[in-house]
Asker: 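Dumping the structure here so I can ask a few things about it.
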Amino acid sequence: MKGEGKAVEILPLVGEVAEGAAGAESIPELAAALAPLLKSCGFVSLLISNSGGKASSYEVGKKEADEVSLAGSAAAGAIAGGKPYFERGITKYSGFYDERRLAGEGYGAYACIPLQAGGGIAGALCAAKKGESFTQQETSALLIFASIVSSSLSRIMLAQKVGGAEAVSQALLSKAAEIVLAVDIETGKIAGANSGVERASGYSSEELLGMGAGSLFEGFKPSEANDGMLTLITKAGDARFIRAKASRADAGGRKTLVITGEDMTEKAAEETNYREIVESIPDIVFALDANGIITSANDEMEKVLGRERRSLIGAPLGNIVSELDYKVLGDAIQDLRLGSGTLHGLSIRLIASGGKPRWFELNGRAHYDPKGKLIKITGVLRDVHEMRQTAENEELFKSILANPNIAVLITDKYSNVTFINKGAEDLFGYTHTEMRGRDVRELYPENRKGELDMLLRILNEKGRTGDIDTVR
């Protein structure tokens, strides 16, 4: 059965499909749970791989599955390689087993997303619509749907393997991903989220769509995301701990990150679990009383600062803050006393062992009694020292390059000039265009041609040359 009428937005269908998939106890029921997708895509099918290059195709809306051959088709390659396939402008000559038929019926956009289940690729979710291509929102949503289907398919396949025992099915169902999120890696913005993300974060789907993923997950960078624990900051400013798995896909030419996860916050209420989670966070997690005294901290404080944690517990945080930042921290804590509630992105320097200051970014939350009096502060200190130094060095280098009184000349390893600044142009009389690609030895007088080899030898031995008087 094909979808009819005007297509509707695809993202709002996530909750409906997720609910149906969670209750499915067989593959036909799982395929039927995809019916809401027909409101947006005209064609949807669930492919389950069989032996001998064949597959069972559960086209949504049909009562019976069709046995199809994938041998030699692009579908077989996509499933074998485990990579999503998005096609725009399909024709009767397209390589997928069902694209040719769909092209004849007026479909233009096609997607085939492999499904991970049972320890491998079990099949694929296929969809098509009339029109030239899927939008970015649609490709992201289809990746979310595929993740939902994969979770349910794993549960169904394992339940079948052990004889369909209801207890096993329910146990596996409870393990299904609560959190499903798609992020555009290039922009870092959320392209889709399921209802589990809405419940955990307190944001609506409309608010989440287009939000920077770094605003939702503390310190999150899509390009560096891996499996592990994430700290989700809710709309109310609370922290929730998400055990997450990250996978990447090329959706229609857009690099997309799909995050599936489980909210571990309630489980962390038990002290041992909470301790395990806090210690797994690669940042300093701490608590202060109303007077700024450190009452607890994770092991990372000792690792990063090189100070024994027991020497820090019971002491004011101000004891390890650079005197240059006393006022910054004092003003921030005073704001919390007055009811500001949260601290975001406060830059301060902490004194490490040996008296060396290191830059940190402080994010925290105030806790108040029923009368509004501050009783404690909890927060996270992220070590941003190297990042800050890099940024400062970049600014220094930019200022040097822009200084007309300083000549800067850069070459490649073959001694060919790759860059000269304005100061070097004025000094040597050549423009950047004239010098680019030329051998730097052209600037050396005849009696100093061997000087470059000497400089290279010193650089290799000592890493720098120091001050050298020379002639050009």
Asker: Just distance, no hydrogens or angles: give the donor-acceptor pairs under 3.5 Å from side chains in residues 207-221, sequence neighbours left out.
Answerer:
unit_1, atom_1, unit_2, atom_2, d
E207, OE1, S204, N, 2.9
E207, OE1, S204, OG, 3.4
E207, OE1, K235, NZ, 3.4
E207, OE2, K235, NZ, 2.8

Asker: Looking at K189 and D184, is any side-chain nitrogen of the basic one under 4.0 Å from a carboxylate oxygen of the acidic one?
Answerer: no
Asker: Shortest non-hydrogen contact from V14 to A193?
Answerer: CG1-O, 4.4 Å
Asker: Quick check: does any side chain N or O of S152 sit under 3.5 Å from a backbone N or O of A21, one acting as donor and the other as acceptor?
Answerer: yes
Asker: Does the side chain of E425 reach to within under 4.5 Å of the side chain of I420, using non-hydrogen atoms?
Answerer: yes
Asker: Can you name the nearest heavy-atom pair linking D263 to A200, along with the distance?
Answerer: OD2-CB, 4.0 Å
Asker: Can you tell if the side chain of T231 reaches within under 4.5 Å of the side chain of M229, non-hydrogen atoms only?
Answerer: no
Asker: Whether the side chain of N298 engages the backbone of V285 through a donor-acceptor N/O pair (distance < 3.5 Å, no angle test) should be reported.
Answerer: yes
Asker: Kindly compute the distance separating CD (E186) from OG1 (T256), expressed to the nearest 0.5 Å.
Answerer: 10.5 Å
Asker: Just so I know, are the side chains of I121 and L115 near enough to count as touching, which here means a heavy-atom distance under 4.5 Å?
Answerer: no
Asker: If we ignore hydrogens and angles and just use 3.5 Å, is the side chain of R349 paired with the main-chain N or O of W359 as donor and acceptor?
Answerer: no
Asker: Report the C-alpha distance between L13 and F145 in whole Å, list the side-chain angles of each, state the deciding distance to 0.1 Å, and finish with yes or no for side-chain contact (heavy atoms from CB on, under 4.5 Å).
Answerer: CA-CA 9 Å; L13 305 175; F145 286 120; 4.1 Å; yes
Asker: Where do V17 and L34 land on the side-chain contact (heavy atoms from CB on, under 4.5 Å) test, with the steps shown first?
Answerer: CA-CA 6 Å; V17 171; L34 297 171; 3.9 Å; yes
Asker: Return the minimal non-hydrogen interatomic distance between Q137 and A191, and the atom names on each side.
Answerer: CG-O, 4.4 Å
Asker: Side chains of S133 and F86: does their closest heavy-atom pair fall under 4.5 Å?
Answerer: no
Asker: For the pair L350 and V321, evaluate side-chain contact (heavy atoms from CB on, under 4.5 Å) and give the outcome as yes or no after the intermediate values.
Answerer: CA-CA 4 Å; L350 300 184; V321 172; 3.7 Å; yes
Asker: Looking at every non-hydrogen atom in both residues, tell me the closest pair between L374 and A366 and how far apart they are.
Answerer: CD1-CB, 3.6 Å
Asker: Using every non-hydrogen atom in the two residues, find where C41 and A127 come nearest and quote the distance to one decimal.
Answerer: SG-CB, 4.3 Å
Asker: Can a donor-acceptor pair be found, under 3.5 Å and without considering hydrogens, that links the side chain of R309 to the backbone of A297?
Answerer: yes
Asker: Do V44 and L125 come within less than 4.5 Å of each other through their side chains, counting heavy atoms only?
Answerer: yes
Asker: Quick check for you: to the nearest 0.5 Å, what is the distance between I79 atom CD1 and C126 atom SG?
Answerer: 7.0 Å
Asker: Could you tell me whether a side-chain N or O of S340 sits under 3.5 Å from a main-chain N or O of D335, the two making a donor and an acceptor?
Answerer: yes
Asker: To the nearest 0.5 Å, how far apart are OG in S201 and CG in D238?
Answerer: 11.5 Å
Asker: With distance as the sole test, does Y58 use its side chain to make a donor-acceptor pair with the main-chain N or O of A32 at under 3.5 Å?
Answerer: no
Asker: Short question: side chain of D439, backbone of N416 - any donor-acceptor pair under 3.5 Å?
Answerer: no
Asker: Working to the nearest 0.5 Å, report the span between CG of L362 and CG of L317.
Answerer: 7.5 Å
Asker: Taking side chain as C-beta onward, heavy atoms only, is L143 less than 4.5 Å from T139?
Answerer: no
Asker: Between K356 and H385, is there a side-chain heavy-atom distance shorter than 4.5 Å?
Answerer: no
Asker: I156 vs L30, test: side-chain contact (heavy atoms from CB on, under 4.5 Å). Steps then yes/no.
Answerer: CA-CA 9 Å; I156 291 169; L30 182 57; 4.1 Å; yes
Asker: Distance check, rounded to the nearest 0.5 Å: L305 atom CG versus I284 atom CD1?
Answerer: 4.5 Å
Asker: For the residue pair I233 and Y203, what are the closest heavy atoms and their distance?
Answerer: O-CE1, 4.2 Å
Asker: For atom CZ of R436, decide whether the heavy atoms of other residues, nucleotides or ligands shown that lie under 6.0 angstrom number more than 12.
Answerer: no
Asker: What's the separation between atom CG in D383 and atom CD in E361, rounded to the nearest 0.5 Å?
Answerer: 11.0 Å
Asker: Could you work out, with side chain to side chain contact (heavy atoms under 4.5 Å, CB included) as the rule, every residue matching A80, not counting sequence neighbours?
Answerer: none
Asker: Using modelled atom types and a 3.5 Å cut-off, is there a donor and acceptor pairing between side-chain atoms of T295 and backbone atoms of A287?
Answerer: yes
Asker: Any side-chain heavy atom of I48 within less than 4.5 Å of one from L153?
Answerer: yes
Asker: Decide if atom CD of E67 counts as having more than 12 heavy atoms of other residues, nucleotides or ligands within a radius under 6.0 Å.
Answerer: yes
